[in-house]
Amino acid sequence: MDEPGLIQAARGGDLEAYNRLVLVYQDIVYSQAYRMIGEAEAAEDATQDAFISAYRHLEDYRGGSFKAWLLRIVTNACYDELRRRKRRPTTPLEPLDADDEEIESPHWIADPGESPEEAAERAELAKALQHCLADLPEDFRAVVLLVDVQGMDYVEASQAVGKPLGTVKSRLARARLRLRDCLQGFWELLPASFRLVDESET
Amino acid sequence: MKSQPLIPPRDWEALSAYLDGELDPKQRLKLGIRLKEDADLRTALQELRRTRTVLRSQPRLRAPRNFTLTPQMAGVRAKVRPAPVGFGALRLASVLATIFFVIVVAGDLVARSAKPSIVAQSPGVAAPWAGGRGGGGGGGPDVQMKEALAVNDATETEEAAASAAETPAPPAEVETMAATPTAMSTLTPEATPEAALQDTGGSTSEQPTENREAVIWPVLRVLQVLLALLAVGAGLGAWYLRRSARF
């Protein structure tokens, strides 16, 4: 994919070129939105708003990581949504199964290659993690998602949140510390390979 | 419950950056030495690493749908390209051909529908014109109809006048028949148009009209077909040009 070429064409008004970029980045952007907000429908809205906003402000893109630029826009869209929710709290609706029971984790989170036990454990862990992420301050959550989930380095994360490198380092450390505390009761859910990480990397 | 090691916030930050390889070499070396000496620091590092591993193990979610933008969402209008060369001419040709085709077909239908009605109305209606050619009565309904269609033709009128001069029929009788078609009812069977035609040799004066109509009708058919072909062909051509210009 010729990303600079597509960006240039999109800047010239070529919507088709822009949509090719959307198809490349929509999983990353949606993933960030979902983990920031914690609700599928709101995450979809934030993702769509972010792509619309990005198209209309392509002139503001000054080069560098296009992914970081997009994630900055979607993160800001999530901040807006979260502020709106604080003003008008709503009860999130979980998807229901055939018996009108809440599905703990939507089907698309599950890995179809896993055994039922593994899938259940992973779903529990994902739920616990989402719960812990939701307890983090929004600024901390954004940074830890960008670095640890999206795999960005500190410089990219700094661009994405529009904050200095030192702020990113500090927020990331505090976010990890809070997550560590929150996840204390869920370590048993970790697969054995995760529990052996400490020994192998020390 | 396991007690948590008391680590200052500054050290947590250093440990977090150490994990990600974001410490400069000097700081990294210094922290490495402390890690070898301080078991609490090592424990803290292990817990941070485990937390990071859990976060990194989370699969990237797939977008539940595509988020591509439509022109409406992007707030832009679809670009209107100029019409291709020849598109306007083809479109105009198609429209004009269609109009003429409709006119010709409609005229044809009207003429066809008028033909039996004239005959049905009264055989004597055509008699005056036929009589003008010799008082032959037109030689039957078909001939009368054809003559009725040709009545607007100026040359036809002149011919009729010329024929009238040659006819031996009394002018008074012609005038009476023209003015009152019912006067035909007073004619004896011997004075029917067919009989009159035979008497006056009308069949010979009918021949040019039949020949002309024999030429006109095929021409009309050909004209209709040509117009229809032109309308459809030009329309398809215009459609193809417009369609190909979009891509």
Side-chain angles (χ1 to χ4, degrees), chain A residues 13 15 18-20 22-23 26-31 34-35 40 43-44 47-48 50-52 55-56 106 108-109 111 122 125-126 128-130 133 144-145 147-151 153-154 165 169-170 172-177 179-181 183-184 186-187 190-191 194-195 197-199 201-202, chain B residues 1-24 27 32 35-36 39 41-80 247:
Chain A
L15 189 58
Y18 181 74
N19 280 335
R20 288 180 65 188
V22 170
L23 291 175
Q26 62 183 5
D27 286 350
I28 294 170
V29 171
Y30 174 76
S31 189
Y34 180 81
R35 297 198 189 282
E44 281 186 46
T47 304
Q48 191 69 78
F51 279 123
I52 291 171
Y55 181 76
R56 292 178 180 169
W108 37 262
I109 288 179
D111 181 349
R122 183 174 285 279
L125 185 62
L129 185 58
Q130 192 60 43
L133 283 169
V144 80
L145 287 174
V147 175
D148 283 339
V149 178
Q150 302 290 357
D153 60 30
Y154 286 14
L165 208 59
K169 274 187 185 178
S170 169
L172 180 63
R174 289 196 278 173
R176 282 173 172 168
L177 189 56
L179 285 172
R180 181 207 66 160
D181 295 340
L183 289 170
Q184 283 293 338
F186 298 98
W187 293 129
L190 285 176
F194 285 14
R195 293 186 207 117
V197 163
D198 306 338
E199 291 75 21
E201 293 189 17
T202 309
Chain B
M1 184 177 166
K2 186 181 166 184
S3 62
Q4 298 293 331
L6 194 61
I7 307 287
R10 194 180 182 83
D11 282 349
W12 280 116
E13 196 174 315
L15 287 171
S16 174
Y18 179 84
L19 266 182
D20 297 325
E22 295 279 350
L23 282 181
D24 61 56
Q27 289 176 313
L35 279 170
K36 284 180 182 171
L41 211 57
R42 281 200 303 275
T43 305
L45 181 64
Q46 287 170 0
E47 288 177 358
L48 272 188
R49 179 178 285 126
R50 193 162 49 176
T51 304
R52 191 184 68 160
T53 304
V54 170
L55 284 163
R56 288 187 173 182
S57 72
Q58 294 306 297
R60 177 175 291 164
L61 305 180
R62 286 190 62 191
R65 63 179 174 86
N66 283 337
F67 291 96
T68 50
L69 305 192
T70 62
Q72 290 76 24
M73 291 161 83
V76 295
R77 290 181 181 178
K79 286 184 178 177
V80 179
F247 299 103

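Within every chain, numbering begins at 1; the chains are lettered A, B, ... in the order of the sequence lines, protein sequences first and strands thereafter.
With hydrogens and angles ignored, the 3.5 Å screen pairs no side-chain donor or acceptor of A:Gln150 with any backbone N or O of A:Leu145. Of the possible polar contacts, one joining the A:Asn19 side chain to the B:Leu69 backbone as a donor-acceptor pair under 3.5 Å is found.
Within the 4.5 Å cutoff, the side chain of B:Leu15 has heavy atoms near those of the B:Leu35 side chain. Using a 4.5 Å cut-off on side-chain heavy atoms (C-beta onward), B:Tyr18 and B:Gln27 make no contact. Looking at A:Tyr55 and A:Leu15, their side chains come closer than 4.5 Å, going by heavy atoms from C-beta outward.
When heavy atoms are compared at a cutoff of 4.5 Å, A:Arg56 approaches chain B solely by way of its side chain, counted from C-beta outward. Of the two parts of A:Arg174, neither the backbone nor the side chain holds a non-hydrogen atom closer than 4.5 Å to a non-hydrogen atom of chain B. At a 4.5 Å heavy-atom cutoff, B:Arg10 makes no contact with chain A through either its backbone or its side chain.
Of the listed residues A:Asp27, A:Thr47, A:Leu23, the one with more heavy-atom pairs under 4.5 angstrom with chain B than any other is A:Asp27. Taking chain B as the reference chain and counting heavy-atom pairs below 4.5 Å, the highest number among A:Leu179, A:Leu172, A:Leu177, A:Leu183 is found for A:Leu177. Taking chain B as the reference chain and counting heavy-atom pairs below 4.5 Å, the highest number among A:Phe51, A:Tyr154, A:Tyr18 is found for A:Tyr154. Of the listed residues (B:Arg65, B:Gln58, B:Glu22), the one with the most heavy-atom contacts under 4.5 Å to chain A is B:Glu22.
In summary, B:Arg52 and B:Asp20 engage in a salt bridge, as defined by a charged side-chain N under 4.0 Å from a carboxylate O.
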